[in-house]
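One structure below.
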Amino acid sequence: MINIILSNNCFYGYLSANVPTYYILCEWFLGCIILFYVLFPLLRTGVNKYPKATVVVTAMIYLTFIFFYHGVFDMSKIVFVRMPEFLMGMYFIKYIKKVNLPMLVTSIVVLALNLILKPQWSNHLQTTYVGISSFFILVYISKYFDNKFFQKVSSCISKYSYAIFLVHHVIIAQVMARVDLTQISWFGSYKLFALCCIIIGICAFLLFQIHKYIMKFIKGKMLCMKKD
């Protein structure tokens, strides 16, 4: 019974590696997002009233997990390990607001050095600064895509975003299981990424259309029942 309960809430993916659930679709990060919603009032108070102290405390908790955590629960799923990325978004909206040229150059240098040097330290630490640097770059270049054409493209893609969210994890896992990642080349990894995107796009489109058809069918049946 507990497995059924866990499989019918938003934490089935988040807990699936440690607790038996009927996990098929969706992504573990949905559970992590919910935890961030729970913590958001506290984080918002810290960012607004104690911005410096919040950074210090968050950094201390984050680094403690990065260097000293050895539990069985995947570290990448722990909300405190994802906290710097979440807080960066809050600080950006509250205090930074836009990316200037020095921030852009610094972000590019960070990504380039990480790609060239291939540091051997924690992957979770790399995820944090690579993610934040990528965010700054995307924010900077986004102003060049603020036109009707890209707005239409974005609108079209966003229509299928939840369907993509639901299927991408399973498809990536299936594709990766059929590839020897230790032997793949740099160019091959990009081809693999493109292949995953194509398959995900097709499956998301089909899922969207199937869902649309089912909802239309159910709505029609309910209207018929009301008339009767």
Side-chain angles (χ1 to χ4, degrees), residues 11 13-18 27-40 42-44 46-47 50-142 165 168-169 172-173 175-176 179-186 188-190 192-193 196:
F11 288 94
Y14 189 72
L15 301 172
S16 61
N18 302 88
E27 177 61 77
W28 66 263
F29 197 60
L30 184 59
C32 198
I33 290 173
I34 293 173
L35 292 177
F36 273 123
Y37 273 111
V38 174
L39 293 172
F40 179 76
L42 177 63
L43 296 175
R44 185 175 184 274
V47 171
Y50 314 102
K52 294 180 180 179
T54 300
V55 169
V56 173
V57 172
T58 301
M60 290 174 63
I61 296 174
Y62 169 76
L63 293 174
T64 298
F65 274 96
I66 290 293
F67 293 109
F68 301 107
Y69 175 77
H70 301 290
V72 295
F73 195 80
D74 187 356
M75 192 193 298
S76 63
K77 298 180 181 180
I78 297 175
V79 67
F80 298 109
V81 177
R82 302 271 70 90
M83 194 73 75
E85 298 147 87
F86 188 82
L87 278 176
M88 175 53 69
M90 296 178 68
Y91 278 95
F92 184 85
I93 295 297
K94 178 71 176 180
Y95 300 107
I96 303 174
K97 301 186 183 301
K98 65 178 182 179
V99 177
N100 55 33
L101 188 58
M103 292 171 63
L104 173 68
V105 173
T106 301
S107 298
I108 293 174
V109 170
V110 168
L111 293 183
L113 290 176
N114 199 71
L115 178 64
I116 296 170
L117 300 178
K118 297 180 175 61
Q120 299 302 307
W121 53 61
S122 171
N123 288 333
H124 307 291
L125 183 62
Q126 293 185 58
T127 298
T128 300
Y129 64 73
V130 167
I132 292 174
S133 297
S134 300
F135 170 76
F136 285 150
I137 294 172
L138 290 174
V139 169
Y140 187 87
I141 67 175
S142 64
F165 175 77
H168 81 281
H169 180 77
I172 291 173
V175 172
M176 301 292 254
V179 178
D180 185 356
L181 298 178
T182 62
Q183 302 298 322
I184 194 169
S185 65
W186 179 82
S189 64
Y190 280 98
L192 182 64
F193 173 74
C196 287

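These numbers come from the heavy atoms of this one structure, side chains and all, not from hydrogens, waters or symmetry mates. Fair warning: this is a prediction, and the values are worked out from it, not measured in the lab. Sequential numbering from 1 along the given sequence is applied to the chain's residues.
Note that the CE atom of Met83 and the CE atom of Met88 stand 14.0 Å from one another [nearest 0.5 Å].
Considering only heavy atoms from C-beta on, Ile141 comes within 4.5 Å of Leu138 through its side chain. Thr54 is listed as a side-chain neighbour of Tyr91, based on a closest heavy-atom distance under 4.5 Å. In this structure the side chain of Val81 never reaches within 4.5 angstrom of the side chain of Ser76, judged on heavy atoms. In this structure the side chain of Phe40 reaches within 4.5 angstrom of the side chain of Met90, judged on heavy atoms. Residues Phe65 and His124 have side chains not in contact (no heavy-atom distance under 4.5 Å, counting atoms from C-beta outward). Val47 has its side chain within reach of Tyr95: a pair of non-hydrogen atoms, C-beta onward, lies under 4.5 Å apart. For the pair Met103 and Val139, the minimum side-chain heavy-atom distance is 4.5 Å or more.
The heavy-atom pair separating Phe73 from Lys77 by the smallest distance is CE2-CB, 3.6 Å. Across every non-hydrogen atom of Trp121 and Gln126, the tightest pair is O-NE2, 3.1 Å. The two atoms that bring Thr182 and Asp180 nearest to each other are OG1-OD1, 2.5 Å, heavy atoms only. Taking all atoms of both residues into account, the shortest heavy-atom contact from Ile132 to Pro84 is CD1-O, 4.3 Å. In terms of heavy-atom proximity, Val179 sits nearest to Val175 at CG2-O, 3.4 Å. The minimum heavy-atom distance between Ser107 and Ser133, with the atom names listed, is CB-O, 3.5 Å.
Judged by distance alone, with hydrogens and angles left aside, the side-chain atoms of Gln120 form a donor-acceptor pair with the main-chain N or O of Lys118 at under 3.5 Å.
With respect to Tyr140, the side chain to side chain contact (heavy atoms under 4.5 Å, CB included) criterion is satisfied by exactly one of Val105, Val99, Ile108: Val99.
Side-chain contact, Tyr62 with Thr128: a donor N or O sits under 3.5 Å from an acceptor N or O.
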